[in-house]
Protein chains: 2
Amino acid sequence: MTLNSPKTRRPTIYDVAKQAGVSPSLVSLVLQNPARVSDKRREAVQTAISDLGYRPSRAATTLASSRTKSIGLVIDDYRNLWFVDLLRGMEAVLTDHGYQVMLADSRPGENRIREAADGLLAMHVDGLVIAAEPSASMLAGTGVPTVVAGWRDGVPAGADLITNDDDGGGGMAASHLLGLGHTRIGHLSGSGGAAAHRRAGFRGRLQESGVEPLIGGEAGGTSEEDGYNSACWLLDHHPDITAIFAANDTMALGALGAIKARGLAVPADISLIGYDNSTLAKSRYLELTSVDNRSDLVGVDVAKALLARIQDSAVGPQRKLIEPALIVRGTTARPGF
Amino acid sequence: MTLNSPKTRRPTIYDVAKQAGVSPSLVSLVLQNPARVSDKRREAVQTAISDLGYRPSRAATTLASSRTKSIGLVIDDYRNLWFVDLLRGMEAVLTDHGYQVMLADSRPGENRIREAADGLLAMHVDGLVIAAEPSASMLAGTGVPTVVAGWRDGVPAGADLITNDDDGGGGMAASHLLGLGHTRIGHLSGSGGAAAHRRAGFRGRLQESGVEPLIGGEAGGTSEEDGYNSACWLLDHHPDITAIFAANDTMALGALGAIKARGLAVPADISLIGYDNSTLAKSRYLELTSVDNRSDLVGVDVAKALLARIQDSAVGPQRKLIEPALIVRGTTARPGF
DNA sequence: ACGGCATTTTGTAGCGCTACAATTTTTGCG
DNA sequence: CGCAAAAATTGTAGCGCTACAAAATGCCGT
């Protein structure tokens, strides 16, 4: 067994063809559509392939066929785990159609998302998914069907848009707290488009019931630290508050820190809802009530939209919102319970 | 601004050459080594490139030059966030040398790691990093320099191996607890190679001081649930226990759940150490003392090793362990404090 | 102005594969 | 058994780029 022997040129279809006693074209056919080749030759070719350890060159295939059977996925930040669900959802659909997903390496820096997309396009992906803040210039002239996932605003009319209904999710959180009887309700508002929608949906639903939410940290970020600081502000300025809705689970964790620091208990004194239904929320220790984005469903629809447009370039772009789901756990209860 | 117009063929160097009034070869030269071209032509070419929106075809470049300037990274599970640090470390080195990292899509299933590696190899990556359980057959005949990162056992002699010193990290945790004065110490043992080394290092250091660790959950997994169950077992069978070392932060979170359920306090009744120094450990709410793997340093060394072997195929494989660091936070204290 | 040398530019020949038309072989059936 | 139609196989051309040798241009001193 030889490891890493760069000396020996890797085998090509010509080597396989010679070994199997057929023409290179036939080898290519076996690779693409084995059913169209006679049993005898097919087996001979397949034997030769494994004997030689032949692997098709993706570059050559791409160049010759101008199809890559691959979809590029640009991610904002690998630490935001929602992309894992998105990816799983996409794969559930794409694998059946022989497509492969390529993740773009989003290195830090100014134009990193643009660069990541460019890198993917240079590799001739057949479709592109932007799971990050899109800019119009980025979506212009990509040359392939492009879908924006998870970001709702600033998407030009020509691109597909499939994302989570953050307004709806915010409304669900509001309904849950109202249903439990809360009336003095705070919100830890993250930054960015999704957070704005969560806030809007939340506030809208509360106002329908005549309740005005107490908003903290509108200008801040989305980190645990931001959640901690905003929660501190809320608790100190509104000591009679009985419930808090955080724009994400991480901020909810920060809120837990602030609540604990003041000697208050969850959910006895304060009910808390997060957003994302992350592993954090599912934790047995935290038992956080949270809104689940159903990003897996987003992934499924993203893949379907892409396939439809790849297969038929006449298909127009679509926009779709996926309905989230409220997962009730141990951090919400009736006020004063 | 036209979005997604598959009708218009994407421009090639020939289009650029015609537009700039030069030969295709000159365009290619500008792309590779702008310094070797006269200012006048270089600018003409660069103008033409941006006017036409030209993007080089990676497939063609690869095919013609048989270099891709890219490194493949196979990841075990995207949810294990240590790869993010690994990636950042690798990029810190590779970006300067014009290399790009490609993440392999590790879809679930039997041979997913193998398949991911094959996919990367089909794309002609110049080097391969396996951040997952390696099998000898997988490392055989990859044809490119290959480094195993983060997995220590079962790596054939021909491959590079750069990983975290889990034995040393276990020893650090032990020393810390001994130094605080603990003597009845438990361990939540995860499954897998890294966990075995953490356990061995931990036990070894304790035994040097004549302390025998109480091991829980040796056969279990590495999830929060596993941590919870093992911690329950430890607390119930050894009520006099004063400290616990968990094989990872997630299990430590499970342990927190078990400790809380028994009405015990951290660190007053029980000191707790995790492993990985994940965001969980850094959380202000949890303040978990944890061992940091320094995976960023692993990434740096992985990249260096790869570059050395790519540039000079005579360089032999190396093995290296990166020293972890103990991060002391709020979950450890003197016993009975 | 001109050889001689360095610098800049260009033509030619593939890289490994696929598309597709052309060719050969097999099959069905009168 | 022969012949048309179907199935299987092959040859040819080219995808977009780079390597490298060959050609063209610029620059120097005398």
Side-chain angles (χ1 to χ4, degrees), chain A residues 6 8-46 48-49 52-70 98 118 121-126 143-144, chain B residues 6 8-46 48-49 52-70 98 121-126 143:
Chain A
T8 48
R9 198 178 46 80
R10 59 190 264 180
T12 72
I13 44 170
Y14 290 89
D15 301 317
V16 174
K18 197 192 291 175
Q19 171 101 358
V22 299
S23 73
S25 299
L26 209 254
V27 176
S28 173
L29 245 192
V30 170
L31 257 25
Q32 298 174 65
N33 193 343
R36 231 180 284 174
V37 177
S38 67
D39 292 353
K40 197 179 100 192
R41 316 266 178 162
R42 176 160 22 84
E43 278 159 30
V45 169
Q46 283 166 343
I49 285 177
L52 294 172
Y54 167 79
R55 283 189 246 257
S57 159
R58 195 111 190 166
T61 307
T62 297
L63 194 53
S65 69
S66 66
R67 285 182 295 95
T68 53
K69 282 263 181 182
S70 69
D118 280 349
L121 288 172
M123 310 192 114
H124 294 254
V125 291
D126 295 337
V144 297
Chain B
T8 49
R9 199 177 46 80
R10 60 190 263 180
T12 72
I13 43 170
Y14 290 89
D15 302 317
V16 174
K18 196 192 292 175
Q19 171 100 357
V22 299
S23 74
S25 299
L26 209 255
V27 178
S28 173
L29 245 191
V30 171
L31 258 24
Q32 297 174 67
N33 193 342
R36 231 180 284 173
V37 177
S38 67
D39 292 353
K40 196 180 100 192
R41 315 268 178 160
R42 174 158 26 81
E43 277 158 31
V45 169
Q46 282 166 343
I49 284 176
L52 294 172
Y54 166 80
R55 284 188 245 258
S57 159
R58 195 110 190 168
T61 307
T62 298
L63 194 53
S65 68
S66 66
R67 285 182 294 95
T68 52
K69 284 264 182 181
S70 68
L121 289 172
M123 309 190 118
H124 294 254
V125 291
D126 295 337

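What you see below is based on every heavy atom in this structure, not just the backbone, and it leaves out hydrogens, waters and symmetry mates. The sequence lines fix the lettering, A, B, ..., with proteins before strands; numbering per chain opens at 1.
In this structure, B/R10 atom CZ and D/dC17 atom P are separated by 8 Å, rounded to whole Å. Whole-Å rounding puts the B/L63 CG to D/dT18 C1' distance at 10 Å. Distance, A/Y54 OH to C/dG16 P: 10 Å, rounded to whole Å. Per the geometry, CE belonging to B/M123 stands 14 Å off P belonging to C/dC17, to the nearest Å. Protein atom CG of A/D15 is 10 Å distant from nucleotide atom C1' of C/dG16, rounded to whole Å. For the pair A/D39 CG and D/dA7 P, the interatomic distance rounds to 15 Å; values are reported in whole Å. Across the protein-nucleic acid pair, A/R36 atom CZ and D/dT9 atom P stand 12 Å apart, rounded to whole Å. If you take CG of A/L31 and P of C/dT18, they are 6 Å apart, rounded to a whole angstrom.
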Q: Take A/V45 and A/V22, measure what side-chain contact (heavy atoms from CB on, under 4.5 Å) needs, and give me the verdict at the end.
A: CA-CA 8 Å; A/V45 169; A/V22 299; 3.9 Å; yes
Q: Show your reasoning for whether side-chain contact (heavy atoms from CB on, under 4.5 Å) applies to A/T68 and A/M123.
A: CA-CA 8 Å; A/T68 53; A/M123 310 192 114; over 6 Å; no
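Between A/Q19 and A/P11, every side-chain heavy-atom pair lies at or beyond the 4.5 Å cut-off. Here the side chains of B/H124 and B/S66 are not in contact, with every heavy-atom distance at 4.5 Å or above.
When all heavy atoms are compared, the tightest approach of A/A20 to A/A48 is CB-CB, 3.9 Å.
Remark: B/R41 is not in phosphate contact with C/dT8, judged by side-chain N or O atoms under 4.0 Å from OP1 or OP2. The side chain of A/R67 contributes an N or O atom lying less than 4.0 Å from OP1 or OP2 of C/dA19. Phosphate contact (OP1/OP2 of D/dC17, side-chain N/O of B/Q32, threshold under 4.0 Å): absent. Note on A/S38: a side-chain N or O is less than 4.0 Å away from OP1 or OP2 of D/dT9.
Rounding to the nearest 0.5 angstrom, the gap separating the CG atom in B/L31 from the OG1 atom in B/T61 is 7.5 Å. Summarising the geometry, atom CG belonging to B/L63 is positioned 9.5 Å from atom OG1 belonging to A/T62; distances are rounded to the nearest 0.5 Å. In this structure, the separation between OG on A/S38 and NZ on A/K40 is 6.5 Å, given to the nearest 0.5 Å.
No engagement by B/R42 is indicated, since no non-hydrogen atom pair under 4.0 Å with the nucleic acid exists.
The side chain of A/I13 lies closest to C/dT18, out of D/dG16, C/dT18, D/dT18. Closest to the A/T12 side chain, of the nucleotides C/dG16, C/dC15, D/dA19, is C/dG16. Taking only side-chain atoms of A/V37, from C-beta outward, the nucleotide of D/dT9, C/dC17, D/dG16 with the closest atom is D/dT9.
Judged by atom type and distance alone, B/Y14 does not reach the base of D/dC15 through any side-chain donor-acceptor pair under 3.5 Å.
Few gaps surround NZ on A/K69; more than 12 heavy atoms of other groups in view lie less than 6.0 Å from it.
From one end of the helix from C/dA1-D/dT30 to C/dG30-D/dC1 to the other, with five pairs defining each end axis, the axis direction shifts by 30° (rounded to 10°).
Taking every heavy atom of residues 22-30 of chain B and every atom of DNA chain D, pairs under 4.0 Å involve B/S25, B/S28, by number.
Between A/K18 and A/D15 no salt bridge is recorded (no basic side-chain N to carboxylate O distance below 4.0 Å).
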